[in-house]
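A quick write-up on the structure given underneath.
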Amino acid sequence: MTAMQKLLQLPVNAVNIVKTVQGVAQGQEEARSPVLTPDSGQQNWYSAVQPEELRHLRTASTTGGGGGEGGGEWGEDRGTLEEGLSSAQTQPLRHDDLKEMLDSNKDSLKLEAMKRIVAMIARGKNASDLFPAVVKNVACKNIEVKKLVYVYLVRYAEEQQDLALLSISTFQRGLKDPNQLIRASALRVLSSIRVTIIVPIMMLAIKEAASDMSPYVRKTAAHAIPKLYSLDPEQKDQLIEVIEKLLADKTTLVAGSVVMAFEEVCPERIDLIHKNYRKLCNLLIDVEEWGQVVIINMLTRYARTQFLNPNINESLLEEGGEKAFYGSDDDDDDDDDDDDEEKKAEAAALAKRKPYVMDPDHRLLLRNTKPLLQSRNAAVVMAVAQLYFHLAPKAEVGVIAKALVRLMRSHSEVQYVVLQNVATMTIKRRGMFEPYLKSFYIRSTDPTQIKILKLEVLTNLANETNISTILREFQTYIKSMDKDFVAATIQAIGRCATNIGEVRDTCLNGLVQLLSNRDELVVAESVVVIKKLLQMQPEQHSDIIKHMAKLTDNIQVPMARASILWLIGEYCEHVPKIAPDVLRKMAKTFTNEEDIVKLQIINLAAKLYLTNSKQTKLLTQYVLNLAKYDQNYDIRDRARFIRQLIVPTDKSGALSKYAKKLFLALKPAPVLESPFKDRDHFQLGSLSHLLNAKAGGYQELPDWPESAPDPSVRNVEVIRLLERVTTLTSVPEWTKCTSRKERKEKKVEKPFYSDSEGESGPTESADSESDSGSGSQSGSEESGSGSESEESEEESESEEEEEEEEDEEEERAKKKKKVDKSKPKKPESAESDQSSGEEQKRIRKGGKDRRSGTESESEDESESESSESESESEEESESDTDIKKKKKTAASKPPPKQTKKESKKETKEMSLLDLDDFEPTPSPQVTPVNSFLSNSLVTDLEGLSLTDTVLAPTTIAPSSSVRLYELLHRITGEGLAVEYCFSRQPFSPDPHMVAVQIQFTNNTTSEAKSLHIEEPKLQSGMRIKEFPEIEVLPAGESVNVVMGIDFCDSTQAANFQLCTHIRKFFVSIQPPVGELMTPAFLTENEFKKEQGQLMGMNEISEKLTLGEKCQSEHVIVERVTSTANLSRVPCGSDKESRFAGKTVSSGSLVLVTVTRKDGAGALLTVNCEKMVIGTMLVKDILQALTQ
Amino acid sequence: MIHSLFLVNATGDIFLEKHWKSVVSRSVCDYFFEAQERATEPENIPPVIPTPHHYLISVLRHRIYFVAVIQSEVPPLFVIEFLHRVVDTFQDYFGVCTEAAIKDNVVVVYELLEEMLDNGFPLATESNILKELIKPPTILRTVVNTITGSTNVGEQLPTGQLSVVPWRRTGVKYTNNEAYFDVVEEIDAIIDKSGSTITAEIQGVIDACVKLTGMPDLTLSFMNPRLLDDVSFHPCVRFKRWEAERILSFIPPDGNFRLLSYHVSSQNLVAIPVYVKHNITFREGSSQGRFDLTLGPKQTMGKAVESVLVSSQLPRGVLNTSLNPSQGTYTFDPVTKLLSWDVGKINPQKLPSLKGTMSLQAGASKPDENPTINIQFKIQQLAISGLKVNRLDMYGEKYKPFKGIKYMTKAGKFQVRT
């Protein structure tokens, strides 16, 4: 740290000097305003200045700033002056006008300069010598200047590491900004600066941001992880921890980014996925498209390691296995998802013997990715396609074909990639694309590379039934002007002919006709292909061989000549008369032939010598002699070898006896294979697959496991699961927000596609959105239903929606409500999904309801801040009964849709009642911490109140140390009043929990029974230790209990239901930040030591003016300790008061120092590793001290 | 993921570079230029080029190559799709995406690229969000900015980033609330020599221009939704609702966007709205060829076929043509051998024709290939598949919007083999 500070010191001075220098110079140059100089004109401008003048100018400036060195070599002077500007020496005069502009006070000049600099960067010009001048502006108020400075900084920081450090403190400050955009962009830039010295700072910032309240900042943190990793791979372990934490995040915004980080940093840690697998599957559809691609690719790999091969039985069948399985197997495919654990285990153990049962998680993945085939993003479609190809049972893979064919309409680059993948797929699963055969027909306007790929696909698709149409297509292609394409077509015909015996003769005839084509390339290609075909059945085709022999006179293409020669040699017994003659001709031209042809001539000679030595002996010797002196050693070697082998000499070894066998052995016909064969061992859609070579960072697609690993690893506690799957809502708030903007920030993520069940679903998000858009009215309406779950979704829709069927359904719902109040309801068959998906879906749906509950609650709180919402509660009682009913019907499983309908109806009524009963809540802001809390609670509670009387917000007088907060007002609670306070006692069952003392008072005349807590809805990581159930609370009595809540060091509310034997109340407890800590006892020295370690961004200082009443030390101590649960630390100076504490959950130190200055001035310093806590604490203490 | 981006113009100059991770020297583009040389035509440059240390993934649009440099495994389509999105964004911002426009707005381009990618991973690609972050340059705004010193850069996180409807900005206000939908269908067809259809498909899109205040929630229903065989949606469309009821329900983005694209499969019979009678012959031994082409309407449901343009790549042996159009104008480029005939509107009473002779290279043998004829046309007020929008309803807002629906049929890749 200190080293860095040194670094920070030096250049600042340098920069200041430069500034003065240029300030002087500016006076003289003003006449030629640099602003007006056009971009390209700057160099010209300098050259236009007379050298004499220039020197004068320079001298003046140096003398002005540097202190009288004047007159000398200006270049060097400047060099000594501008220590940081080493590169300025090499190009002494450049960009000075830009520097001036950057130093000016006007933002517009700065902006203009930055724009020019960015333009230079864009063109690839070096602008690094401007670094100090630019970096100074990093703290510029103008946001555009700032952003452009960031652009510059990120580009050049690596080259100018020392100077780059100048800017770090700005970002550290930015990391604490209340505006999430600024926090995020500070982190973004900080992490993009590739300077190794700041790795620890980055690490700290990432950790901090990973637990930020804003999902956007968390997303940025996820992005920063790979950046840090590439800068310093040593940090891997720590980064994995952060990744693990972020993987548990429930917002769709974060999901894609963190999986990307996972893939870059630790793709091998597949175990981190287990707990998040189901969540990811369920979130998938709402993740932004780029994230989807990454997640799908990762899940493909995951699934390959965790599930069994769905086609395992088929491969058994292919091995000639037992047919009997097949039938049963088919049925099992879809239905067995819900099968219990045992059966699965059994199946795994006896995979070979027993029918295959698909793991429900496997099914979940397939089902949730399928709708994404409809994405407009080709990459997403491709990702899903490859997932299906690699993971789905054979019978289901077909669905991807249609989507892939659709992509063929896209840009040609997309086509290219898609066709590559289709080509691979068609080899394994031809049937899938057969119906779309015509979509692969080639147009003359296609680029050649596309044509060739389409040809490949067409060839792969060819079979007995469609070959005739395909061949007819091929015939037109052969006439194309694009000769490369024609050659490829001929190859394709050859492949069709080898693969499909029926058409071999037709193809061969067609190819022979091509031999008379005028284009040599076509002929040559045909020859090569014919050669391959003839090898399959040479006996019947001696006339073709004869025909080809004649071609040797005309064809010049070496490959074709070589092919003909080989053919004649191989089948010389079929053309006994022609062969020697061909050899004679070839011998004549031997010296002028290409190497490949020469080799074949030697071959031909050897073969003829063996079969017909009488005629060809001399010719052979002649050829061998020519070859002996050839330039190519290959040919010389071959000639020598063959001579030894075939020409009998006395020395000749045992081998020559077998010469005939060697040369005239029956050779197997070549198999014409697609170049795409076996490419599918690469994950489709990947770069490696496209290149058919492993690219850097490619993760192998693992083989299916023999037996499935334990599926229970993916199990999450039931409550957690619900929450995880559904409550992507809980976007934590930054602070209790005061502005409208903040409220919008809070606006919660809701799944968009995935939620919609029937017609009620889709509109829900719309409604809440329109609320925020159209202003506060509907928003406050909504708060009436705050604690209810479904209302808010349906609310504003209810006014407009006039669809008949909906009414009908409501009717039905009403009836049902009457009829089977107590009976469990089943979801309507119309809505029920495929049986396989039912359970999962229900869980999701249920969770969603609950989630939207939390959401509207959070909205409440914000409403209360703007203090306009008050709600009437008549209908509340109705909806409350609803809840109860729901509870009854769906105690174990989440509520079916029916209840949703009912409550919807009620909200409709409610909205008709409108806002008449509203009165603005008076907002007595006595002690802000206190008041926002109680206020929000009040509104919460009012949501539950029975009558339409307006509750006066109960301001609880701040007592000396312990404040009482209201949890349930007696009117709302139908006579049951509940208050709570933070007792500040350690909670013995779990030291990481905050003890909350709750006091129940029964104001009714009857006794309340079985008071207990139900259904806590908590942020991730938060835990509740419930108080033991209170059996009976007699009328008029009150009782105290203590419960523990682990708030995870955040000020988010713990929401739960308070239940009596007859009613349920939604309540929430939100801790002031000061209650999240316990006193820590430190000595003065310890305090100083700890404080020294919590510098930098962990330290927040604020100047303040003490309130009139709290000038004395005693009062300050009292105020601070009442605001936060801290202990006093002894201190030598009487001007200073120190306090220390630890956060309850994580035990991070919180150190508070209040230093009094003269008069009422004071300085408050908070050191805390948890930045957010620190910031909030400062705010609270500040309030307490300034009152 | 994406390391760097280079923009290369048709003459092979790199006129813009942007790096997201450490700087990659622009010499890496040499591999691209090599490939460019090897390829005979610009569109034949392979989209993915491996080099020793990097991979180049390129996209050609508007005669500009967008070359992305990547270093490790990444789905190629991911990069390609992103590059196309970049081009679309530029087009959206500057009206055109040309070298000149990019150079003029280089700062905005840079700011955009900075927002679109973070460390090579896409961050904000939704045009509505980007427009809130960086306002598109207009002449008026430029003037205002220079006077007031205000900037084009938004200071707050666009609400869309965090909301469930990231594609829509908040606080949209219009005095005239309008929603227009264009149903545009393109016919892709290959017609063989004898006039029979080898393959014909309809690719349709619904492009929307929605200017509505607040947060409207629209539903669009079709008379005959079963026609739509394969659809892809803008993310705003609620998929479940489509699955269940075949109704498009969505909160639209603000401004222009493509609501959905669909495909009417080749299994359905596609009406081919024009026919071509052609007689293109070359005689052996003579240096003359006959060219005779007549167009006529067919199955157009009584609508006029307009903006007809015929083009054909004649064989290399053709030196020149002397043709006589009955209407419109024709041009023949003796260098590229491209014949194009701007017909205009087809009058069913008097069919347009193009007749005359082609002169061939003397002594050369007759070309063995026959040219294919590409046809472009438009038919207004007709969706050839028969798709019809039933109704458009709006929920969530109180005002009455003005709604308009337009149909059009166009030729896509419409080819006649001769």
Side-chain angles (χ1 to χ4, degrees), chain A residues 107-108 115 118-119 122 124 143-144 147 151 180-181 188 216 223 227 260 290 293 371 374 376-379 382 402 406 409 411-414 416-417 438 441 443-444 447-449 476 479 481 685-687 690-691 695-698 744 747 749-750 752-753 756 762 765-766 769-770 773-774 800, chain B residues 16-17 22 26 43-44 46-48 50 55 59 72-78 80-81 84 106-107 110 114 118-119 121-122 149 151 153 155-157 159 161-165 170 190 199 203 214-215 217 230-234 238-241 249 251 263 266 365 369 372 395-396 413 415 417:
Chain A
D107 277 355
S108 55
K115 282 186 171 172
V118 167
I143 193 137
E144 189 166 14
K147 280 205 168 172
V151 169
Q180 52 177 338
L181 181 64
R188 237 182 102 184
Y216 184 65
H223 278 276
K227 297 186 206 171
M260 193 264 304
W290 312 108
V293 179
Q374 243 74 38
R376 63 169 171 172
N377 188 321
M382 190 66 233
K402 206 190 268 181
R406 187 186 68 232
R409 272 284 294 185
H411 302 283
S412 79
E413 296 89 3
V414 176
Y416 177 82
V417 178
K438 286 185 172 175
Y441 280 5
R443 291 159 209 280
S444 61
T448 311
Q449 52 185 358
T476 46
K479 289 184 201 148
M481 293 176 218
S686 67
L687 183 64
L690 187 78
L691 299 170
Y698 172 73
K744 274 185 201 145
K747 202 83 226 185
E749 298 258 345
K750 243 192 278 177
F752 194 72
Y753 281 110
S756 37
S765 52
E769 226 29 63
S770 71
S774 62
E800 276 116 33
Chain B
L16 189 127
E17 63 179 65
S22 50
R26 54 164 68 190
E43 63 262 32
N44 272 332
V48 182
Y55 303 94
V59 151
S72 57
E73 171 65 46
V74 57
L77 267 184
F78 186 94
I80 290 171
E81 186 76 18
H84 281 299
V106 71
V107 175
Y110 238 66
E114 189 72 27
D118 181 15
N119 194 36
F121 190 79
T151 62
V153 177
E155 303 201 11
Q156 281 184 344
L157 184 68
T159 46
Q161 278 279 42
L162 295 176
S163 81
V164 254
V165 281
T170 46
I190 302 176
T199 160
Q203 305 285 344
M215 274 286 167
D217 193 344
D230 183 27
V231 274
S232 76
F233 300 115
H234 189 276
R238 297 182 178 100
F239 182 70
K240 279 270 161 61
R241 184 120 189 238
S249 155
I251 296 173
H263 176 104
S266 42
S365 52
E369 68 263 18
T372 47
Y395 305 99
K413 296 171 180 166
Q415 257 177 26
R417 292 175 178 163

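Per chain, numbering begins at 1; letters A, B, ... match sequence-line order.
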Suppose we screen for side chain to side chain contact (heavy atoms under 4.5 Å, CB included). Which residues come up paired with B:Glu73, at least two apart in sequence or across chains?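 Applying side chain to side chain contact (heavy atoms under 4.5 Å, CB included) to B:Glu73 gives A:Ser686, A:Leu687, A:Ser688, A:Ala695, A:Tyr698.
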Residues which pass side chain to side chain contact (heavy atoms under 4.5 Å, CB included) with A:Ala122, listed by chain and number, not counting sequence neighbours: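 Partners of A:Ala122 under the side chain to side chain contact (heavy atoms under 4.5 Å, CB included) test: B:Leu16, B:Val106, B:Tyr110.
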Flag the one option from B:Pro50, B:Ser72, B:Pro47, B:Pro46 with the top tally of heavy-atom pairs under 4.5 Å to chain A.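 Among B:Pro50, B:Ser72, B:Pro47, B:Pro46, the one with the most close pairs to chain A is B:Pro47.
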Do you know which of B:Val59, B:Val48, B:Val74 has the most heavy-atom pairs under 4.5 Å to chain A? B:Val59
Considering only heavy atoms, which portion of A:Met260 lies under 4.5 Å from any heavy atom of chain B: side chain, backbone, both, or neither?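 Contact with chain B: side chain only.
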Side chain, backbone, both or neither of A:Arg409 within contact of chain B (heavy atoms, under 4.5 Å):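 Just its side chain gets close to chain B.
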Salt bridge present between A:Arg406 and B:Asp230 (N-O < 4.0 angstrom): yes
Output the option from A:Ser412, A:Gly697, A:Ser444 having the highest count of non-hydrogen pairs under 4.5 Å with chain B.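 Among the listed options, the one with the most contacts to chain B is A:Ser444.
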Where is the tightest heavy-atom contact between [X] and [Y], given as atom of each residue plus distance?
X: A:Gly124; Y: B:Arg26; value: CA-NH2, 3.6 Å
X: B:Leu77; Y: A:Ala378; value: CD1-O, 3.7 Å
X: A:Gly685; Y: B:Pro76; value: O-CD, 3.1 Å

Please work out which of the three classes, parallel, tilted or perpendicular, describes the rings of A:His411 and B:His84, given edges at 30° and 60°. parallel
Rounded to the nearest 0.5 Å, the OG1 atom of B:Thr199 sits from the OH atom of A:Tyr441 at a distance of 7.5 Å
Going from OG1 on B:Thr372 to NZ on A:Lys479, what distance comes out if it is rounded to the nearest 0.5 angstrom? 12.5 Å
Main chain of B:Lys413, side chain of A:Arg443: is a donor-acceptor contact present, judged purely on distance under 3.5 Å? yes
Side-chain donor or acceptor of B:Glu81 paired with backbone N/O of A:Val414 under 3.5 Å: no
Given side chain to side chain contact (heavy atoms under 4.5 Å, CB included), test B:Tyr55 with A:Leu691 step by step and report yes or no. CA-CA 10 Å; B:Tyr55 303 94; A:Leu691 299 170; 3.4 Å; yes
What's the verdict on side chain to side chain contact (heavy atoms under 4.5 Å, CB included) for A:Lys227 and B:Asp118, showing C-alpha distance, side-chain angles and the deciding distance? CA-CA 10 Å; A:Lys227 297 186 206 171; B:Asp118 181 15; 2.9 Å; yes
